[in-house]
Protein chains: 2
Amino acid sequence: MRLTTKGRYAVTAMLDLAFHSEKNPVTLTDIATRQTISLSYLEQLFARLRKSGMVKGVRGPGGGYKLSREVENINIADIIEAVDEPVDSTKCGGKGDCQDGQPCLTHDLWMGLSDQIRNYLKGISLGDLLDREEINNVSQRQDKKVEHVMNIKSA
Amino acid sequence: MRLTTKGRYAVTAMLDLAFHSEKNPVTLTDIATRQTISLSYLEQLFARLRKSGMVKGVRGPGGGYKLSREVENINIADIIEAVDEPVDSTKCGGKGDCQDGQPCLTHDLWMGLSDQIRNYLKGISLGDLLDREEINNVSQRQDKKVEHVMNIKSA
DNA sequence: CTAATACTTGACTAATTTACTTGGTTTATT
DNA sequence: AATAAACCAAGTAAATTAGTCAAGTATTAG
């Protein structure tokens, strides 16, 4: 399990998607604009997310991307692993014959730790983040937007 | 908080150090040999670890590196952050003025998640890993070594 | 004191990954 | 048919990683 900006982009994009795809599919152009990620980079990320079955592409005008599962059933670990290259962190190909009788301390250690982090992130769903974000930040913004619209109407 | 091979190298090296520095300082050459990491790369990593005060270099013949705290008081998050470049994950420098009124969803989201992972890793000490490793893997090896010695003696 | 050992510093390099660009092709809606 | 979108492929610049090289400085055993 690695944790890089690439994974962050993916999680952010998925959160944006979850947040905006209540009814209609969301275009990558929209996500790109909102999250300031290049469109083609998003395309690459979503190609992987699609291959691992978390999103569905809808072609043609009015199309875009939809989540293929409920937000509660998409976890952060899956998103990150979908876009990450799997890394062989061993030097001996997992056979444990690296060195003079001290086989793969690296491997044993990091795999264990890595598993713990993975499990931890598996326990956090897109829905969890959505709730958290919604309450803490975005809802305030949306309230302001609504206010703004009401001001225009009443003016 | 990022999680890369660089951090893994650092954690592994620190664990190796913890494991071998009961009495005498451990040379980077030894760690490099045992863990198959290049010496000069280790030097770079340990320069950072020293600057953040987790290890102490002992010069001269018989010198090497020692932990400057008890293994219980060195946590994984600190090790990783010592060797990692700090990354500004925002595009607006943390001011929240990225985009058309949608300020830094990326930042809010990832910082929160990142903090959780950091806290999680802060809760795991070098001592914890040491115990775990010792019980799960190394002890078996040691047992075999003892067996081996006994076989030789009885032969 | 001096030689061996070991850390220090800095510059440099190859490989890899990241993030992005360009230029297409399909597909489905209007 | 025109358009808007996903989908695809190749290439690229910048950043990071991992490692190399070389010329130091500090320490201490002998």
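Numbers restart at 1 for each chain; the letters A, B, ... are given by sequence-line order, proteins then strands. All values below come from the heavy atoms of this structure, side chains included, with hydrogens, waters and symmetry mates left out. No experiment lies behind these values; they were computed from the predicted model shown.
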TODO: Answer with base, sugar-phosphate or nothing: what part of the nucleic acid does Gly57(B) contact at a heavy-atom distance below 4.0 Å?
DONE: nothing
- [ ] Check the hydrophobic clustering (I, L, V, M, F, W, Y; side-chain heavy atoms under 4.5 Å; chains of links allowed) and say if Leu126(B) and Ile124(B) are grouped together.
- [x] yes
Task: Selected nucleotide, minimal atom distance to Thr27(A) side chain, candidates dT17(D), dG19(D), dA5(D) - done: dA5(D)
TODO: Send over the distance from Leu3(A) CG to dT17(C) P, rounded to a whole Å.
DONE: 17 Å
Open item on the list: Take a 6.0 Å sphere around NZ of Lys122(A) and say whether it holds more than 12 heavy atoms from other residues, nucleotides or ligands.
Closed with: yes
Task: Closest nucleotide among dT18(C), dT8(C), dT16(D) to the Thr5(A) side chain - done: dT18(C)
TODO: On DNA chain C, check which nucleotide each of Lys6(A) and Pro61(A) is closest to and give me the residue with the more 5' one.
DONE: Lys6(A)
Task: Interatomic distance, Leu42(A) CG vs dC8(D) P [rounded to whole Å] - done: 16 Å
- [ ] Assess whether side-chain contact (heavy atoms from CB on, under 4.5 Å) is satisfied between Met14(A) and Asp78(A), documenting all intermediate values.
- [x] CA-CA 11 Å; Met14(A) 285 291 281; Asp78(A) 286 348; over 6 Å; no
- [ ] Name the residue closer to the 5' end of DNA chain C, choosing between Arg59(A) and Gly63(B) according to the nucleotide with the nearest heavy atom.
- [x] Gly63(B)
Task: N or O in side chain of Tyr41(A) less than 4.0 angstrom from dA19(C) OP1/OP2 - done: yes
Task: Between dA19(C) (C1') and Leu28(A) (CG): distance, integer Å - done: 16 Å
- [ ] Output the single nucleotide from dT27(C), dC8(D), dT20(D) whose closest atom is nearest the side chain of Gln44(B).
- [x] dT20(D)
Task: Gap between atoms NZ and P, on Lys56(A) and dC7(D) respectively (whole Å) - done: 12 Å
- [ ] Spell out, as yes or no, whether a donor-acceptor pair under 3.5 Å connects the side chain of Ser21(A) to the backbone of Lys66(A).
- [x] no
- [ ] Look at all strands and tell whether Ser40(B) reaches a base, only sugar-phosphate, or nothing, counting heavy atoms closer than 4.0 Å.
- [x] base
Open item on the list: For the CD atom on Gln116(B), are there more than 12 heavy atoms of other groups (residues, nucleotides or ligands in this structure) within a distance under 6.0 Å?
Closed with: yes
Task: Phosphate OP1/OP2 of dA6(D): any Arg50(A) side-chain N/O under 4.0 Å - done: no
Open item on the list: At 4.0 Å (heavy atoms only), tell me whether Leu39(B) reaches a base, stays on the sugar-phosphate, or touches nothing.
Closed with: nothing
Open item on the list: Any base atoms under 4.0 Å from Tyr65(B), or only sugar-phosphate, or nothing? Heavy atoms, all strands.
Closed with: sugar-phosphate
TODO: Report the relative orientation of the aromatic rings in Tyr41(A) and Tyr9(A); use parallel for angles under 30°, tilted for 30 to 60°, perpendicular for over 60°.
DONE: perpendicular
TODO: Output the single nucleotide from dT18(C), dC7(C), dT16(D) whose closest atom is nearest the side chain of Arg2(B).
DONE: dT16(D)
TODO: Starting from C1' on dT18(C), measure out to CD on Glu85(A) and report it in whole angstrom.
DONE: 11 Å
TODO: Take atom OH of Tyr9(B) and atom C1' of dG19(D), then tell me their distance rounded to the nearest Å.
DONE: 9 Å
TODO: Find the distance Lys51(B):NZ to dC7(C):P and express it as a whole number of Å.
DONE: 15 Å
Open item on the list: Can you measure Arg48(B) atom CZ to dG10(C) atom C1' for me and round it to whole angstrom units?
Closed with: 14 Å
Task: Options dC8(D), dC20(C), dA6(C), nucleotide nearest the side-chain atoms of Glu43(A) - done: dC8(D)
